[in-house]
Protein chains: 2
Amino acid sequence: MLSMKTQYAFKALMYLAQNDNGEPVLIAEIAEKKNIPLKFLENILLELKKSGILNSKKGKGGGYFFNQPPSDVRLAKVIRLIEGPIALLPCVSLNFYQKCKNCDERNCGLSDVLKEVRDATLSILESKTVADIANVKS
Amino acid sequence: MLSMKTQYAFKALMYLAQNDNGEPVLIAEIAEKKNIPLKFLENILLELKKSGILNSKKGKGGGYFFNQPPSDVRLAKVIRLIEGPIALLPCVSLNFYQKCKNCDERNCGLSDVLKEVRDATLSILESKTVADIANVKS
DNA sequence: TCCAATCTCTATTTTGTTTATAGAAAATGT
DNA sequence: ACATTTTCTATAAACAAAATAGAGATTGGA
């Protein structure tokens with residue numbers, strides 16, 4: 001299951017995509033409209049900025065806005081950034097690979113199946129973008 | 001990612017499937033061969049028994065064994081039992097459904113996508129069984 | 001009938017992660 | 001200079017995962 005943090009990230013991104021008119025949006029506005037704890041949201045937006053998805057402006061008239069079109073932000077990227085691995089085991093993760101303890105990968109039926117799951121999942125999450133889930137045109 | 005508990009469950013089931021010769025297998029043997037903390041494994045096997053997947057016998061010559069053919073035990077069942085929901089959000093879970101806070105499901109692009117992910121995942125996890133991952137014939 | 005072997009049960013502890021909060025610092029526009 | 005707003009570092013609180021402990025119940029066999 002996705003953590004609250006990731007769910008908040010998606011809510012914030014959807015809100016920003018739906019209010020993407022060139023004007024920065026206040027953290028406080030997103031927090032209030034989407035019912036997200038303000039200080040928690042600050043952290044999340046900062047991570048999204050550091051990864052290049054969002055950008056921001058300080059001071060009066062400041063706030064957050066997209067650094068790239070929402071249609072370029074794939075859901076897989078957001079999940080990996082905020083949540084971590086998409087695969088169900090470290091030994092089948094593409095971006096967070098780690099060797100399994102006590103599991104011979106060359107000969108592990110479970111990892112074979114979970115690779116299939118990973119690929120099926122990624123084919124969806126890599127093709128859908130924030131624009132898709134926010135119902136805004138590309 | 002699957003918890004250690006679920007990974008242990010799969011390891012134990014694979015071991016049992018590969019040593020399925022009518023003789024009960026000791027918890028202690030599985031724990032040692034698969035490097036699983038003994039007392040933790042006890043809990044796990046008990047859950048697998050209560051759900052009907054395994055059965056057991058006490059006393060000398062006792063141990064655990066399958067209550068149904070490994071080829072009947074779908075991976076989805078094991079994950080739901082030990083881990084919980086397979087879906088990425090409560091509001092798209094078939095077996096653990098819960099309404100999302102602050103999310104209008106009729107009109108939430110994210111839940112639409114995560115339903116697709118769920119279906120793709122389930123079509124694999126409902127078709128593969130413990131026999132498949134243990135490489136034993138049905 | 002007694003005993004050792006083995007699973008069963010309930011409770012607790014330990015450890016780690018997630019979620020949330022606090023407050024000062026830096027940048028910006030007027 | 002000042003109010004506004006993001007940025008940063010640190011910490012607290014709550015929760016969940018992982019592991020452990022020890023007594024209880026059942027079984028088979030001597």
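By convention in this document, chain letters (A, B, ...) are assigned in the order of the sequence lines, proteins followed by strands, and residues within each chain are numbered from 1.
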Query raised in the report: Would you call A/Leu114 and B/Leu2 a side-chain contact if the rule is heavy atoms closer than 4.5 Å?
Result: yes
Say whether, by atom type as modelled, one donor and one acceptor occur between the side chain of [X] and the main chain of [Y] under 3.5 angstrom.
X        : Y        : value
B/Gln18  : B/Ala134 : yes
B/Glu126 : B/Arg74  : no
B/Asp132 : B/Thr129 : yes

Query raised in the report: How would nucleotides 25-30 of chain C be written as a contact map, 5' to 3', with B for base contact, S for sugar-phosphate-only contact and - for no contact, using protein heavy atoms under 4.0 Å?
Result: --SBS-
Query raised in the report: When you match B/Ile27 and A/Leu2 each to their closest nucleotide on DNA chain C, which lands nearer the 5' end?
Result: B/Ile27
Between [atom2] on [N] and [atom1] on [X], what's the gap in Å once rounded to a whole number?
X       : N     : atom1 : atom2 : result
B/Lys49 : C/dT6 : NZ    : P     : 16 Å
B/Leu45 : C/dT6 : CG    : P     : 15 Å
A/Leu16 : D/dT6 : CG    : C1'   : 14 Å

Query raised in the report: Think A/Ser3 has a side-chain N or O under 4.0 angstrom from the OP1 or OP2 of C/dT17?
Result: no
**Report entry** Under-4.0 Å side-chain N/O to phosphate OP1/OP2 contact, B/Tyr64 with C/dT6
**Finding:** no
Should the pair [X]-[Y] be classified as a salt bridge under the 4.0 Å nitrogen-to-oxygen rule?
X       : Y       : result
B/Glu23 : B/Lys57 : no
B/Lys39 : B/Glu42 : yes
A/Glu47 : A/Arg80 : no

Check: protein-nucleotides 21-24 of chain C nitrogen or oxygen pairs below 3.5 Å:
unit_1	atom_1	unit_2	atom_2	d
C/dG23	N7	A/Lys39	NZ	3.4
C/dG23	O6	A/Lys39	NZ	2.4

Query raised in the report: Between D/dC8, C/dC7, D/dA18, which one does the side chain of B/Leu26 approach most closely?
Result: C/dC7
